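Notes to accompany the following structure.
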Amino acid sequence: MSFEIFNLNPKVLSGVRAQGYIDPTPIQAQSIPAVMEGRDLIGLAQTGTGKTAAFVLPVLHRLMEFPRGRVNALIVSPTRELAEQTCENINVLGKYTGLRAISIYGGVGADAQLRGIRRGSEVIVACPGRLLDHVLKGNLDLSHVEVLIIDEADRMFDMGFLPDIRTIVKCLTKPRQTLLFSATMPPDIRKLVLEVLRDPVEVKIGHAAPVESVSHALYPVKPHLKTPLLKELLRTSDTDSVIVFARTKHRVERVAQQLQRSGYKVAALQGDMSQWQRQEAMDGFRSGSLKILVATDIAARGLDILSITHVINYDMPDTTDAYTHRIGRTGRVNNTGEAYTLVTNEDKEMIRALERIFKKPLETRQLEGFDYSAEAAIPSDAMPTRTQYGRTRPGVRNDRQPAQNSRPRSSNPERRPTNGVNPPKSGSTSMNQISKSEGISSERKSPSPARKPYFRRESMSAR
Ligand code: AMP
C-alpha cells in the first residue's frame, strides 16, 4: 500500500515523498482515512509506530482548506521534547503546504513564543501548563481551533495534566474534531474519551505490548553490582546509542557520573535540569557525540531518536506501561533493538507482570566472565537499593581500578579513549556535560544480528 491511496492533498504528499516514506505504517493506514473524513479517533499506539505522521498528515490535508493566519489545530503534548519533535515533524512533512506550526512549553522564556504566536501559525503544539498561561493572559486565541489532538494521553494522566486538559477543552468553542493517542487506556483516559470525543473510531496497534523489533533480556544481579555490570554490558555489547534508565533523578546523576568517570561520553537527563541543559544533553545524544543518555522515565518521554540500539534498565520500572514506554525508545522504524534489564530480588513481581504481557518467560542471562560474587566492600560510590534509599547505608561497587585501566584497548582509533575526561563540575548536580574521551570499546564479544527493517523508508539519496 502506498501513500497515494489516501488522496492526500498533493502538497502534503510532496512532504511525505521528501521525507522518504514509501509505505504507510499500520497506524497510518488505519488512521489517515478516518481523520481525513473528519471522524474523531482514539489511536492506541506507542511511539515508534509512526503515530505522529498518522495524525499530522490528515490534519495538514484538512487544514489546506481552512483560512490561514489563525490557530486551526492544537496538539497537546506531555513534554517539551515531544512538543518540539511533533512540531518539527509538522514543519518537515508540511514544508510544501505553507502551513506554519510553533511549539509552546514551559521552562523557557515566554517572549520568543509570544513573537511566534503573533507572527501567526495555523498549528500550535503545546504542553498544557504554558499553553494555559498564554490563553489566560489573552496572548493566544483558541476560538478558531477545529482540530484538537491529545498526544500520549496516558503520560498526560501520569503527569497530572488531566485537569489542565479539561480546562483547555473548555476554551475550544468551535465544533471540533478530536484525536486522542495513548499507548494504554487506563480508566481515567476512557473517562476523558467519553467527555471529549464524539463517536470515535478506535485504532489499535499492537496493544501496549513492547514493540516486536526489540529483544528483551534480564540480568539478575545484586544491587551493589549494578554499576559494574552495566559497565561490563556496555563494554561487551555492540552498542551505538544507549539509553540507561534509572529510577530517580539522584540515581540518574550518580550513574551518569560513574560512567563518565570510566570514560564514556554520557549525558544525564532528569527533571531538575534547566531547559537549556536538557536541550544540550538531547542535542549531544541526537547528534551522536554523546553515546549514552542516562535518564528518568519522565525526562526521556517521547524521545524520538532512530539510532538507539539499546535500552538498559538500570532499575526495573515500577509499571509494565513504563517498561513499554522505555522500550519504545529502541527498535524504531527500520531498526531492531535490545532491552537489558538489571534485576534484583525485589523485581520478581514486576518480572511476572511483564511475562504476563509478553505471554512467555523473559530470557535470563548471565554475563560471562563477570564476577557476580564480588563483595560489597567500599562504601564510597555506591547506589542505595530501593528499600535502602534515603537511609545512610549505601551499596558498594567493586570496580576500583582507574577508569582507563578498566577499559579494553580499542583497535579503532575513532573509538579509542583519550585522557581528557571532564570530571563532573564540583557542586553541580546536573551532569549534562560531555566527556571528551570516547569510552565505548570496539571489541565486541557478541555482535548483534543484522538489523531487519520494520517497514521501508527510501533513502533521500535514492531519489
Ligand atoms: P513516531 O511513532 O511518530 O514517533 O515515529 C517514529 C519514526 O518513524 C519517526 O522518525 C518517523 O519519521 C518515522 N516514520 C513515520 N512514518 C513512517 C513511514 N511511513 N515510513 C518510514 N518512516 C516513518
Side-chain angles (χ1 to χ4, degrees), residues 1-6 8 12-33 35 41 43-61 75 77-79 81-95 101 103 125 149-155 179-184 203-214 241 243 282 285-286 288 300-309 311 324-337 451-460 462-463:
M1 185 202 242
S2 78
F3 278 93
E4 270 75 17
I5 199 165
F6 301 125
L8 284 162
V12 178
L13 198 57
S14 302
V16 174
R17 292 209 183 102
Q19 265 296 85
Y21 298 172
I22 301 173
D23 305 321
T25 66
I27 181 96
Q28 292 163 2
Q30 293 180 49
S31 307
I32 291 174
V35 180
L41 178 130
L44 276 161
Q46 51 201 322
T47 48
T49 55
K51 75 169 166 68
T52 315
F55 62 80
V56 166
L57 294 174
V59 168
L60 290 175
H61 169 89
I75 300 166
S77 301
T79 63
E81 285 78 15
L82 185 63
E84 280 206 334
Q85 280 166 19
T86 306
C87 191
E88 207 178 301
N89 261 303
I90 297 169
N91 285 324
V92 170
L93 288 168
K95 74 173 169 183
S103 53
V125 191
I149 295 126
I150 303 171
D151 197 10
E152 302 209 349
D154 49 353
R155 294 295 124 195
L179 319 176
L180 180 142
F181 287 83
S182 195
T184 58
V203 171
K204 203 181 211 170
I205 300 300
H207 189 47
V211 284
E212 338 156 335
S213 48
V214 178
S241 290
I243 296 201
M282 301 256 297
F285 191 57
R286 199 170 272 133
R301 197 142 293 154
L303 208 67
D304 176 15
I305 294 170
L306 287 178
S307 60
I308 294 171
T309 54
V311 170
T324 306
H325 274 276
R326 288 182 181 186
I327 299 318
R329 311 292 111 223
T330 187
R332 311 200 89 181
V333 182
N334 291 328
N335 284 330
T336 53
R451 303 202 168 281
K452 66 170 193 298
Y454 179 49
F455 50 82
R456 282 191 299 146
R457 178 183 201 155
E458 195 172 66
S459 78
M460 301 292 285
R463 296 197 148 260

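Starting from 1, each residue takes its place in the sequence as its number. Start at 1 and go down the list; that is how both ligands and their atoms are numbered. Source: prediction; values computed, not measured.
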Task: Exercise: identify the closest heavy-atom pair between Ser103 and Ala83 - done: CB-O, 4.1 Å

Task: Partners meeting side chain to side chain contact (heavy atoms under 4.5 Å, CB included) with Ala54 (sequence neighbours left out) - done: Ile27, Gln28, Ser31

Open item on the list: Just to be sure I read this right, does ligand 1 sit under 4.0 Å from the backbone of Gln85, its side chain, both, or neither, counting only heavy atoms?
Closed with: neither

Task: Those atoms of ligand 1 less than 4.0 Å from some heavy atom in Lys51 - done: 1 (P), 2 (O), 3 (O)

- [ ] For Asp23, take its heavy atoms, then give the atoms of ligand 1 lying under 4.0 Å from any of them.
- [x] 18 (C), 19 (N), 20 (N)

Open item on the list: Quick check on contacts: which atoms of ligand 1 are under 4.0 angstrom from a heavy atom of Thr52?
Closed with: 1 (P), 3 (O), 4 (O)

Open item on the list: Would you say that more than 12 heavy atoms from the other residues, nucleotides or ligands in this model lie under 6.0 Å from the CD of Glu84, or not?
Closed with: yes

Open item on the list: Would Thr49 count as a polar contact of ligand 1, with the cut-off being nitrogen or oxygen pairs under 3.5 Å?
Closed with: yes

Open item on the list: Tell me the closest heavy-atom pair linking Leu60 and Leu93, and the distance in Å.
Closed with: CD1-C, 4.0 Å

Task: N or O pair under 3.5 Å between Ile22 and ligand 1 - done: no

- [ ] Show which atoms of ligand 1 fall inside a sub-4.0 Å distance from at least one heavy-atom site of Phe3.
- [x] 19 (N)

- [ ] Would you name the heavy atoms of Phe3 and Ile22 that are closest together and state the gap between them?
- [x] CD1-O, 3.2 Å

TODO: Measure the CG-CZ distance between Leu57 and Phe6 for me, rounded to the nearest 0.5 Å.
DONE: 8.5 Å

